[in-house]
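Read through the structure below, which is laid out as structure tokens, and then see the notes.
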Amino acid sequence: MKRQVIIYPGEDGYWVAECPSLPACISQGKTKEEAVLNIKEAIELYIEILKEEGRPIPEDRLETVLVDV
């Protein structure tokens, strides 16, 4: 299963990673690579909990658009 993740530099020098289709999944890391590994673990655990509780797993419906400003 693949999920789209947004990654960006945080104010504290760490990289922040979010999975928009799973709003509770936000993580960070000292490097981009660490942030990606951490969000992957968070997504896996979140989905595992949803399955255990018999709750539906939200679809990954992210669409990005560049806007001229």
Side-chain angles (χ1 to χ4, degrees):
M1 174 186 315
K2 293 188 182 232
R3 289 280 169 167
Q4 294 190 54
V5 170
I6 298 170
I7 184 168
Y8 54 91
E11 294 178 11
D12 58 0
Y14 279 68
W15 285 89
V16 178
E18 296 184 43
C19 182
S21 64
L22 303 172
C25 288
I26 301 172
S27 193
Q28 65 179 6
K30 291 181 182 179
T31 65
K32 288 181 188 180
E33 294 78 14
E34 184 179 348
V36 170
L37 288 173
N38 291 342
I39 193 67
K40 180 179 178 184
E41 182 179 358
I43 291 168
E44 289 169 346
L45 291 171
Y46 187 77
I47 290 175
E48 183 179 316
I49 290 168
L50 289 177
K51 287 179 180 178
E52 286 175 3
E53 294 178 351
R55 295 172 30 195
I57 299 170
E59 290 184 36
D60 193 19
R61 295 184 172 188
L62 176 67
E63 182 175 332
T64 60
V65 179
L66 291 176
V67 178
D68 285 324
V69 290

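Remember, it's a predicted structure, so these values are computed and weren't measured experimentally.
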Closest non-hydrogen atom pair, Q4 against P20: O-CD, 3.6 Å
OH-CG distance between Y14 and N38, expressed to the nearest 0.5 angstrom: 10.5 Å
Residue among V36, L22, I43 satisfying side-chain contact (heavy atoms from CB on, under 4.5 Å) with V5: I43
Residues, nucleotides or ligands: over 12 heavy atoms within 6.0 Å of E41 CD: no
Side chain to side chain donor-acceptor pair (under 3.5 Å) evaluation trace for E18 with Y8: CA-CA 9 Å; E18 296 184 43; Y8 54 91; 2.4 Å; yes
L45-M1 co-clustered via ILVMFWY side chain contacts under 4.5 Å: no
Minimum heavy-atom distance between P58 and S21, given as atom pair plus value: CB-O, 3.5 Å
Min side-chain heavy-atom separation V16-P9 under 4.5 Å: no
Pairwise side-chain contact, C25 with I39, heavy-atom cut-off 4.5 Å (strictly under): yes
OH/Y46: more than 12 non-hydrogen atoms of other groups inside 6.0 Å: yes
Minimum side-chain heavy-atom gap D12-Q28 below 4.5 Å: yes
Pairwise salt bridge (Lys or Arg N to Asp or Glu O under 4.0 Å) hits with a residue in residues 52-62, at least two apart: E53-R55, E59-R61
ILVMFWY cluster, I6 and I26 together (side-chain gap under 4.5 Å): yes
Under 3.5 Å donor-acceptor, E34 side chain and K30 backbone: yes
Gap separating the CD1 atom of I7 from the OG atom of S27, nearest 0.5 angstrom: 10.0 Å
